[in-house]
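Some notes on the structure that comes next.
In what follows, residues are counted from 1 in the order of the sequence shown.
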Amino acid sequence: MTRVPRGYIARRRRTKMRSFASNFRGAHLRLNRMITQQVRRAFVSSHRDRGRQKRDFRRLWITRINAATRVYNVFNSYSKLIHNLSKKELILNRKMLAQVAVSNPNNLYTISNKIRTIN
């Protein structure tokens with residue numbers, strides 16, 4: 001069977017995959033088959049971990065808010081604070097509440113007082 005010279009399309013596909021693998025080491029950087037396998041694996045991991053990152057940050061924010069509410073006696077627990085926030089229709093997301101709880105707990109106490117005074 002005669003040799004078929006491949007065109008630019010296959011080369012372009014391989015160089016594209018190689019550009020994704022520019023930070024890999026060893027055979028993962030040099031061998032085309034290994035490059036495609038590792039790049040696919042990296043894409044799968046990055047896709048999976050984007051969702052995981054959102055979950056992890058939400059857990060972190062909830063933990064910080066819960067710790068601050070228990071230390072500074074703001075409704076005694078996280079769930080009561082969130083319940084009263086939603087009941088009074090105050091729109092503060094968990095990220096902002098966690099930032100307030102870490103940087104300035106006095107403001108968290110002020111927010112709880114506002115919740116108690118709103119009818």
Side-chain angles (χ1 to χ4, degrees):
M1 184 177 272
T2 59
R3 178 182 173 277
V4 177
R6 296 298 301 256
Y8 67 95
I9 295 170
R11 190 179 330 113
R12 196 168 51 188
R13 187 185 69 239
R14 287 191 203 104
T15 55
K16 184 178 178 182
M17 284 301 232
R18 194 174 289 270
S19 70
F20 288 130
S22 62
N23 293 328
F24 295 171
R25 294 174 55 181
H28 297 172
L29 174 65
R30 290 177 184 83
L31 304 178
N32 284 323
R33 187 183 297 173
M34 191 72 77
I35 286 172
T36 55
Q37 289 172 358
Q38 292 303 314
V39 167
R40 280 197 189 133
R41 185 183 179 95
F43 283 154
V44 166
S45 296
S46 67
H47 182 264
R48 179 196 63 224
D49 291 338
R50 276 195 293 274
R52 185 173 289 174
Q53 184 184 29
K54 292 175 180 69
R55 285 195 300 269
D56 289 344
F57 270 110
R58 185 180 167 96
R59 285 176 61 192
L60 176 68
W61 298 330
I62 289 172
T63 305
R64 285 179 175 173
I65 295 167
N66 193 16
T69 54
R70 289 175 190 275
V71 168
Y72 298 105
N73 290 328
V74 180
F75 291 112
N76 296 325
S77 73
Y78 163 82
S79 60
K80 290 178 185 174
L81 174 67
I82 295 296
H83 173 71
N84 287 318
L85 276 172
S86 62
K87 194 164 64 172
K88 301 297 183 181
E89 296 178 358
L90 289 175
I91 302 170
L92 283 173
N93 60 9
R94 286 160 180 82
K95 182 178 180 180
M96 292 295 118
L97 278 174
Q99 191 67 35
V100 168
V102 169
S103 63
N104 197 350
N106 293 332
N107 288 348
L108 188 66
Y109 194 73
T110 307
I111 290 169
S112 69
N113 286 340
K114 288 282 187 191
I115 294 170
R116 288 187 178 120
T117 58
I118 296 174
N119 290 325

Count I, L, V, M, F, W, Y as connected when their side-chain heavy atoms are under 4.5 Å apart, and connections chain through other members. Are [X] and [Y] then in the same cluster?
X	Y	result
Val39	Met34	no
Tyr72	Val102	no
Leu60	Met96	no

Review item, side-chain donor-acceptor pairs of residues 64-71, under 3.5 Å, at least two apart:
from, atom 1, to, atom 2, distance (Å)
Asn66, OD1, Arg70, NE, 2.9
Asn66, OD1, Tyr78, N, 3.3
Thr69, OG1, Ile65, O, 3.1
Thr69, OG1, Asn66, O, 2.7

> What pair of heavy atoms forms the shortest contact from Leu108 to Val100, and how long is it?
Replying inline: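 Heavy atoms only, the tightest pair is N-CG1, 3.6 Å.
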> Looking at Ala21 and Leu29, what are the two nearest heavy atoms and their distance?
Replying inline: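 Reported closest heavy-atom pair: O-CD1, 3.2 Å.
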> Quick one: is the NZ or CZ of Arg116 closer than 6.0 Å to the six-membered ring centre of Phe75, and within 45° of its axis?
Replying inline: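 Yes, cation above the ring, under 6.0 Å and within 45°.
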> What pairs of residues pass the salt bridge (charged side-chain N to carboxylate O under 4.0 Å, His left out) test when at least one of them lies in residues 44-60, not counting sequence neighbours?
Replying inline: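 Of all non-adjacent pairs touching residues 44-60, those that pass salt bridge (charged side-chain N to carboxylate O under 4.0 Å, His left out) are Asp49-Arg52.
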>> Show every salt bridge (charged side-chain N to carboxylate O under 4.0 Å, His left out) that has at least one partner inside residues 20-33, sequence neighbours left out.
In response: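 Of all non-adjacent pairs touching residues 20-33, none passes salt bridge (charged side-chain N to carboxylate O under 4.0 Å, His left out).
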>> Less than 4.5 Å apart, side chain to side chain, heavy atoms only: is that true for Leu81 and Ile115?
In response: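 They are in contact (side-chain heavy atoms under 4.5 Å apart), so the answer is yes.
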>> Are the side chains of Lys80 and His83 in contact, using a 4.5 Å heavy-atom criterion?
In response: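 The answer is no; the side chains never approach within 4.5 Å.
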>> Going by the rule side-chain contact (heavy atoms from CB on, under 4.5 Å), which residues pair with Lys95 if we only count those two or more places apart in sequence or in a different chain?
In response: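 For Lys95 the side-chain contact (heavy atoms from CB on, under 4.5 Å) partners, ignoring immediate neighbours, are Trp61, Asn93.
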> Checking side chain to side chain contact (heavy atoms under 4.5 Å, CB included) for the pair Arg18/Asn32: CA distance, chi angles, key distance, verdict?
Replying inline: CA-CA 8 Å; Arg18 194 174 289 270; Asn32 284 323; 2.9 Å; yes
Could you state the interatomic distance from [atom1] ([X]) to [atom2] ([Y]), rounded to the nearest 0.5 Å?
X	Y	atom1	atom2	value
Met17	Gln38	CE	CD	11.0 Å
Leu90	Leu97	CG	CG	9.5 Å
Thr15	Ile35	OG1	CD1	10.5 Å

> Residues in side-chain hydrogen bond (donor to acceptor under 3.5 Å, both in side chains) with Ser79, at least two apart?
Replying inline: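 For Ser79, the residues satisfying side-chain hydrogen bond (donor to acceptor under 3.5 Å, both in side chains) (neighbours in sequence not counted) are Ser77.
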> With Arg13, which residues qualify under side-chain hydrogen bond (donor to acceptor under 3.5 Å, both in side chains), at least two apart?
Replying inline: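 Testing Arg13 for side-chain hydrogen bond (donor to acceptor under 3.5 Å, both in side chains), a comparison that skips the adjacent residues, returns none.
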> Taking atom CG of Asn23 as the centre, does the number of heavy atoms from other residues, nucleotides or ligands within less than 6.0 Å exceed 12?
Replying inline: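 No - once you tally the heavy atoms of other residues, nucleotides and ligands closer than 6.0 Å, there are 12 at most.
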